[in-house]
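Each remark here refers to the structure printed beneath this line.
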Amino acid sequence: MDIPKRYEPKNVETQWSEWWLKNDIFKTTPNEEIQPYVIMMPPPNVTGVLHMGHALQDTVQDSLIRYYRMKGYEAHWQAGKDHAGIATQSVVEKELAKNRMPTRAELGREKFLEEVWKVVKRNDGVITKQKRALGDSADWSRERFTLDDGLSKAVREVFVKLYEDGLIYRGPYIVNWSPKLQSAISDEEVDHKEEEGKLWHIRYPGTDGSPGVVVATTRPETMLGDTAVMVHPEDDRYKNMIGKEVQLPLTDRTIPVIADDAVDRDFGTGAVKVTPAHDPNDFEVGKRHNLPMPIILDTSAKMCHPAPVRYIGMDRFKAREAVLEDLQEEGLLIREEKHTHAVGYCHRTHVPIEPYLSTQWFMKMKPLAGPALDKVREGEIKFVPRRWEKVYYQWLENIRDWCISRQLWWGHRIPAWYCADCDHVMVKRDDPTVCEKCGGTHLRQDEDVLDTWFSSWLWPFSTLGWPDQTPELKYYHPTDVLVSGYDIIFFWIARMIMADLYFTGQIPFKTVYITGMIKDKLGRWMSKSLGNGIDPLEMIDQYGADAVRYCLIVLNTPGQDIRLDPSRFEMGRNFANKLWNAFRFVASPASAILTDQLDRAEEILDELGASPNQVLSMLDFQGFARPEINGKIYDLIRETGVDHLEDRWILGRLIETIEEVDNRMEQYRLDDALMAIYRFTWNDFCDWYIETIKPRLGDDASIQEAGTTTRFALNMMEAIVRLLHPFMPFITEEIYQHLGNIEGRVLQEDRAQSIALAEFPSTEGMKPDKDAVADFNYIQALVSAIRNVRGELLIPPGKEAKLAILERDPHVELVQREWTTVKRLARLEGDAPDIVTEKPEKSATTVVDGAEVYIPLAGLIDFDAERARVTKEINKLEGMLLGIDKKLVNEKFVNNAPDDVVKNEREKQADFRAKLEMLKAHQEQLG
RNA sequence: GGGCGAUUAGCUCAGCUGGUUAGAGCGCUGGUCUCACAUACCAGAGGUCACUGGUUCGACUCCAGUAUCGCCCACCA
C-alpha cells in the first residue's frame with residue numbers, strides 16, 4: 001500500500017468533498033420512520049465570502065450534524081443565502097463606480113436591478129464552494145435564497161397577513177435616517193457611541209427686546225428648524241416666559257415658549273429648543289403642542305428649504321460651523337462647554353444617523369413579543385449559555401415598533417398600491433390592477449423595499465415551503481438547534497422566534513447555541529481597515545480544513561470570544577499528522593499479515609478453534625460500532641491464548657472516552673468532547689498502546705499473534721476515526737476508506753459507503769475492565785517513575801538500566817508478567833526484574849503505588865544527581881503532606897466532611913507518609 | 001444610567017452541581033533523528049487562581065464589595 005509519510009490534506013480534502021457531493025451523502029428526505037435532527041444554517045450574503053466567523057459557526061453546526069447523522073438521525077442541515085439588501089446594493093454600486101458605469105440613479109430601477117442580478121449570479125456559488133471546502137455537510141440540493149419565488153411568496157403572505165391583522169401600518173414618524181444610504185433604518189441598525197461633544201448655550205432674544213431665554217444644545221444647526229422653546233412648567237426662572245414669543249436667531253421667525261414636564265430643569269439651562277422634524281423627543285413634543293414641523297435637512301443631511309437661504313445646500317456639519325459663527329457674530333452664543341453624549345451611527349456605513357421625519361412602514365412588535373418571551377421563560381427554547389436569555393428578555397420587554405421600509409431597490413418590494421384617483425391604499429397578495437374603492441386604474445406601487453431581516457426572520461419555515469403545508473415543513477420543523485453569534489440575537493434570533501410562533505404556532509428551534517465572536521490576537525474585532533483579518537481559506541490552504549476545524553472547536557467555549565492567531569492552526573495540523581502516522585503504523589503490516597492469514601485461512605481458523613463465519617464476523621471491523629460484538633472479539637482473542645493487558649486497558653479507555661464524548665456533546669461542549677478524543681488518540685493510543693504492542697508485531701512475533709494484534713489495532717483505529725469524524729471529516733474519511741481496502745475480502749458488504757454514514761461508536765452493554773485498567777495504570781506509573789529517574793539523573797538513553805523489586809511487593813507478579821512492556825518502555829536490561837529481599841547497594845530509589853523499586857546505579861551516574869532528585873521529591877511530598885495533616889488534625893473537618901472525603905484524605909496521608917519515610921531512609925543512605 | 005462578561009503558568013485558554021498533587025496547547029529548559037510520526041519522543045521548570053471581606057470543617061469554584069479591561073442596552077436636549 002502506498003501511504004505517504006506526511007499527511008497532505010490538500011488533495012485528500014478536495015477529493016472527498018467532491019466525492020461526498022457526487023454521491024449525495026448528505027441528501028435527506030422526510031421519513032417518518034427516522035427521527036430528524038435539523039439545523040438551519042444562518043444564510044450568508046449572496047455576494048459574501050467565507051470569513052472566520054462563518055468558519056467557526058459552520059464547524060460547530062457541521063460537527064453536530066455529522067454526530068447526529070452517525071447516531072442514526074435523519075440529519076438535515078438547511079443551507080441558503082440572503083439577498084442582503086443594503087450590503088448587496090452597495091457592493092453593486094461600488095462596482096459600477098469602479099467600472100465607470102452609469103450610477104444607480106442614472107440607470108433607473110429596472111436597469112440597476114438587472115446589474116444586481118448579474119453580480120448575484122456571478123457570485124452565486126462562491127461562498128457555497130468555500131463552505132464545502134470547510135467540510136460542511138449540508139443538504140446542498142435544498143439550498144434556498146431569500147429572493148427566490150417560494151420565499152418571496154412567504155414574505156408577501158406575511159406582510160399582507162400582518163397588515164390585515166393591523167400589525168403593519170404606515171405613517172409619518174421620526175426615523176433613523178442614514179444620509180449615506182439615503183434610507184431609513186431600524187433602531188437595531190444604529191450603533192451608539194459615547195463621544196466627547198459640546199453643549200452650546202444660545203440666546204433666543206425676546207421679541208420685546210428683553211433678554212429672552214438661553215437654550216443649551218448639542219446640535220445648534222437644527223435650530224433653523226425650531227418651532228418652540230420649552231421649559232418646565234414649575235421652573236421659576238422661566239415661568240414668566242411661558243406663552244411668550246422669542247426671536248429665533250438667524251431667521252426672521254418668532255417661536256413660542258411652551259411648558260412641558262419632559263424638561264429636566266437641572267440639565268443645561270433648563271430651556272430646550274424644540275426641533276420636531278429632527279429629534280425624536282421634539283417630535284413627540286411637537287405632536288403634543290401642535291407645533292409646525294419644518295424639515296430643514298434633506299435626505300443627504302444638507303440644509304434645505306425652509307432654512308434661511310444662505311445655509312441651503314450646506315452639509316449638516318458645515319452648517320453647524322456656520323451657525324455657530326453667525327451666532328458668535330451676533331453675540332448670541334453665550335458659552336460652550338464639553339459634554340459627553342451618545343451619538344448614533346449607521347451600523348453599515350458608520351456615518352452619524354440623522355433623526356428625520358418621514359413616512360415609513362412600521363410593524364407593531366409588542367403583540368408578537370409576549371409569546372416569544374413565554375417560550376423562553378418556560379424553557380421550551382433554551383439558550384446555551386443561559387445568560388443570553390437575559391439579553392433576549394431585556395430586548396423583548398422593551399421592544400419598539402420595527403421600521404420595515406427601506407428606500408432601496410434591491411429587496412422585496414412592498415406590496416402596497418396607491419390609487420392616484422382616490423388615494424386609497426391597497427395591500428394585496430396578488431398585484432391589483434383596479435382600485436377596489438373607486439375602480440380607477442391609476443395605481444402606483446410603493447417604491448420602497450422591505451428590510452432584509454423581514455425575509456430572514458421567516459427562514460426556519462419559509463425554506464421548508466411555508467405557506468404550503470409541505471412534507472418538509474411537517475417533518476423538519478421545528479428544528480433542533482440554531483447556532484449563531486450574539487451579535488444577531490435581536491436582528492434575527494428573537495425575530496425568528498416571534499415569526500414562527502405567529503405564523504406556524506410552533507417554536508422555530510429548541511436550543512439557541514450562542515458562539516463567541518472571533519477576535520484578533522489582541523482581542524480586537526477583525527476588520528478590513530485594521531487589516532487584522534485571518535482568511536479561513538488561506539488557513540485551509542496552509543493547514544488543511546481538518547486542522548482549521550480542530551482549532552476552532554477546541555478554542556470554542558460557548559459564548560466566549562476567541563482570540564485567534566494563525567499559529568494556533570498548527571495544533572490541528574499536528575494532530576492530523578499524528579493520527580495519520582498512527583494509522584500508517586497499524587496499517588502497514590496489515591496487508592501482508594492479513595493476506596497471509598487468508599491464504600492460510602483454514603489452518604488459522606483451526607488454530608482459533610472457531611468456525612470460519614464466527615471468526616470472520618467477530619473480527620469484523622464493524623466491531624467497535626457494535627457493542628455486543630465488541631466484548632466477544634476480546635473473549636475470542638483471549639481464548640486463543642493471546643491475552644494482553646494493554647488490549648483490555650485500551651478497550652476500557654475507549655469506553656470511557658465514548659461515554660465522555662456523548663456526555664459532552666449533549667451539553668454542547670464540543671471543545672471537551674474533541675479534547676477527550678484527542679487525549680485518547682494521542683496520549684493513550686499513540687503514546688502507550690502502540691508503543692506497547694510493537695513487540696507483538698515485530699520479527700519475533702508469530703503470524704497468528706501479529707494477525708490478531710493487527711486486527712485489534714485496526715479496530716481501535718476504526719473506532720478512533722469514527723469518534724473523530726464529526727470534527728475532522730476529511731482525514732477520517734480517508735483513513736476509513738483505507739481501512740475498508742485493507743479489509744479486502746472480509747465482509748465488505750456491511751461497510752457504509754462513507755464514514756459519514758457509518759455508526760458512531762457506542763458503549764452499549766460494555767464496561768471497562770477495572771482490574772486491567774488498574775494493572776496497566778501501575779505499569780504506566782512504574783515506567784514513568786523509572787523514566788523520571790533516568791531523565792533527572794541524565795542516564796543516557798542508550799544506556800540500559802536494571803530494575804530491582806522487593807519480593808514482598810504485591811506487584812511482583814504483574815511486573816514479571818508485563819516485563820516485555822516495562823523493559824522496552826523504560827529501557828531496562830535483563831530477562832526479568834531482579835527480585836530482592838532488601839534494597840541493593842547504590843541504587844536510585846523511587847516509590848510506585850506504595851512500594852519501593854530500585855535502579856542500581858553502579859556505573860551509571862554520580863550520586864549527587866540522585867541526592868538532588870530525592871531532595872526535590874521529598875520537599876514536594878512534605879508540602880503536600882502538610883496540607884493533609886492540617887486537615888486531619890482539625891476535628892471539625894473529620895466530623896463534618898463526608899466520610900468518603902475523610903477516608904480519602906486518610907489514605908493519602910498514609911501513602912504520603914510511607915513514601916516519605918522510604919525516601920528519607922534512602923536519602924540518609926546516600927549521605 | 002442599567003445589564004453582562006473577563007481577570008488562573010511567559011502567551012492563549014479549560015476547570016461541570018465547593019474536597020483534584022489546579023490542567024491543556026504553544027513557548028521555555030535538558031536529553032533523543034529509538035525501525036508510525038522531529039508537524040515527533042522522553043524528562044523537567046513554571047501558578048500566593050486580580051484584590052478585600054464573608055459563608056463553610058474546607059473556596060479557583062458560592063455571596064458581597066473594590067479595581068482593571070471589554071461588550072450590550074438606554075430619546076436627558
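Letters go in sequence order (proteins before strands), and every chain restarts at 1.
- With P as the reference atom, B:G46 and B:G30 are 16 Å apart, rounded to whole Å.
- The nearest whole Å value for the distance from the CZ atom in A:R679 to the C1' atom in B:A14 is 10 Å.
- Closest contact between the side chain of A:R568 and the listed nucleotides B:U20, B:C71, B:U12 involves B:U12.
- Summarising the base pairing, B:U55 is matched to no nucleotide, lacking a Watson-Crick or G-U wobble pair whose two defining distances lie under 3.5 Å.
- Using a 4.0 Å heavy-atom criterion, one finds that A:E397 contacts no nucleic acid atom at all.
- Figure legend. B:G46 is base-paired to no nucleotide; pairs are counted as Watson-Crick or G-U wobble with both atom distances under 3.5 Å.
- Pair assignment for B:C4: B:G70, on the basis of Watson-Crick or G-U wobble contacts that are both within less than 3.5 Å.
- Taking atom CG of residue A:D260 and atom C1' of nucleotide B:A77, one finds them 13 Å apart after rounding to whole Å.
- Within 4.0 Å of A:P355, counting heavy atoms only, lies no atom of the nucleic acid at all.
- Contacts of A:V391 with the nucleic acid, taken as non-hydrogen atoms under 4.0 Å apart, are absent.
- If you measure from atom CZ of A:R563 to atom C1' of B:G25, you get 17 Å, rounded to the nearest angstrom.
- When the P atom is used for both B:U32 and B:A24, the distance is 25 Å, rounded to whole Å.
- Ion pair A:R400/A:E188 not flagged as a salt bridge, since none of the NZ, NE, NH1 or NH2 atoms sits closer than 4.0 Å to an Asp/Glu carboxylate oxygen.
- Contact annotation: A:T557 reaches the phosphate of B:A14 (side-chain N/O to OP1 or OP2, under 4.0 Å).
- Taking the C1' atom of each, B:U7 and B:C13 are spaced 12 Å apart, rounded to whole Å.
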Subject >> A:Y7 vs A:N581, side chain to side chain donor-acceptor pair (under 3.5 Å): CA-CA, chis, key distance, verdict >> reply: CA-CA 8 Å; A:Y7 178 64; A:N581 276 289; over 6 Å; no

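- In this model, the phosphate group of B:U21 is approached by a side-chain N or O of A:K908 to a distance below 4.0 Å at OP1 or OP2.
- Spacing between B:A45 and B:C51 at atom P, rounded to whole Å, works out to 24 Å.
- Among the protein residues, A:F490 comes within range of the sugar-phosphate backbone only, with heavy atoms under 4.0 Å from sugar or phosphate atoms but none that close to a base.
- Formation of a donor-acceptor pair under 3.5 Å by the A:R288 side chain with backbone atoms of A:D260 is not found in this model.
- Partner assigned to B:U20 is none, using Watson-Crick or G-U wobble distances below 3.5 angstrom.
- For A:K519, no side-chain nitrogen or oxygen approaches OP1 or OP2 of B:G70 to under 4.0 Å.
- Taking 4.0 angstrom as the limit, A:R573 places none of its side-chain polar atoms (N or O) nearer than this to OP1 or OP2 of B:U39.
- The nucleotide B:A40 finds its pairing partner in B:U32, both defining distances of the Watson-Crick or G-U wobble pair being shorter than 3.5 Å.
- The same atom, C1', is picked in B:G65 and in B:C26; the two are 37 Å apart, to the nearest Å.
- Side-chain nitrogen and oxygen atoms of A:R669 include none within less than 4.0 Å of the OP1 or OP2 phosphate oxygen of B:C16.
- One atom, CG of A:D671, and another, P of B:G25, lie 15 Å apart when rounded to the nearest Å.
- Across all strands shown, the partner of B:C11 is B:G25, judged by Watson-Crick or G-U wobble contacts whose two distances both fall under 3.5 Å.
- Atom-to-atom distance recorded for A:D911:CG and A:L916:CG is 12.0 Å, nearest 0.5 angstrom.
- The residue A:M675 sits close only to the backbone: its heavy atoms come under 4.0 Å of sugar-phosphate atoms, none of a base.
- At whole-Å resolution of the value, CG in A:L564 and P in B:C11 are 18 Å apart.
- For the pair A:N896 CG and B:U55 C1', the computed distance is 14 Å after rounding to whole Å.
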**OP:** Indicate for each nucleotide in nucleotides 26-38 of chain B, in 5' to 3' sequence, whether protein heavy atoms under 4.0 Å reach the base (B), only the sugar-phosphate (S), or nothing (-).
**Re:** ----SS--B-BBS

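- In this structure, A:N788 reaches the sugar-phosphate backbone alone: every heavy-atom distance under 4.0 Å involves primed, P, OP1 or OP2 atoms, never a base.
- At a threshold of 4.0 Å, the pair A:K823-A:E800 does not count as salt-bridged, since none of the basic side-chain nitrogens sits closer than that to a carboxylate oxygen.
- The distance from atom CD1 of A:I884 to atom C1' of B:C57 is 16 Å, rounded to the nearest whole Å.
- Ring-plane geometry between A:F490 and A:W395 is classed as parallel, the angle between the planes falling under 30 degrees on a 0 to 90 degree scale with a further cut at 60.
- Heavy-atom nearest nucleotides on RNA chain B were determined for A:Q560 and for A:K876, and the one closer to the 5' end corresponds to A:Q560.
- Applying the ring-ring contact (aromatic ring centres under 6.0 Å, His included) test to A:W682 and every residue at least two apart in sequence or in another chain returns A:Y678.
- Taking atom P on both nucleotides, B:G25 is separated from B:C62 by 26 Å, rounded to a whole Å.
- In summary, A:D565 and A:K519 do not engage in a salt bridge, as defined by a charged side-chain N under 4.0 Å from a carboxylate O.
- Side-chain contact annotation: A:N176 with A:E189, donor-acceptor N/O pair under 3.5 Å absent.
- Computed from coordinates, the A:D487 CG to B:C73 C1' distance equals 15 Å when rounded to whole Å.
- Taking atom C1' on both nucleotides, B:G19 is separated from B:G44 by 29 Å, rounded to a whole Å.
- If A:D672 and A:G559 are placed on RNA chain B by their nearest nucleotide, the residue sitting closer to the 5' end is A:G559.
- If you check every strand for non-hydrogen atoms under 4.0 Å, A:R400 touches sugar and phosphate atoms only.
- Distance from the side chain of A:T218 is smallest for B:A77 among the nucleotides B:G19, B:A74, B:A77.
- By the 4.0 Å N-to-carboxylate-O rule, A:E905 lies too far from A:K903 to be salt-bridged with it.
- Of all nucleotides present, none satisfies the Watson-Crick or G-U wobble test against B:C60 with each distance under 3.5 Å.
- A sub-4.0 Å separation between OP1 or OP2 of B:U56 and a side-chain N or O of A:K887 is absent.
- Between the side chains of A:W200 and A:E336, at least one donor N or O lies within less than 3.5 Å of an accepting N or O.
- Distances from the side chain of A:K872 to the nucleotides B:A24, B:G44, B:G3 place B:G44 closest.
- B:U20 and B:C63 have their C1' atoms separated by 24 Å, given to the nearest Å.
- A:H339 has a side-chain polar atom (N or O) that falls below the 4.0 Å cut-off from OP1 or OP2 of B:A77.
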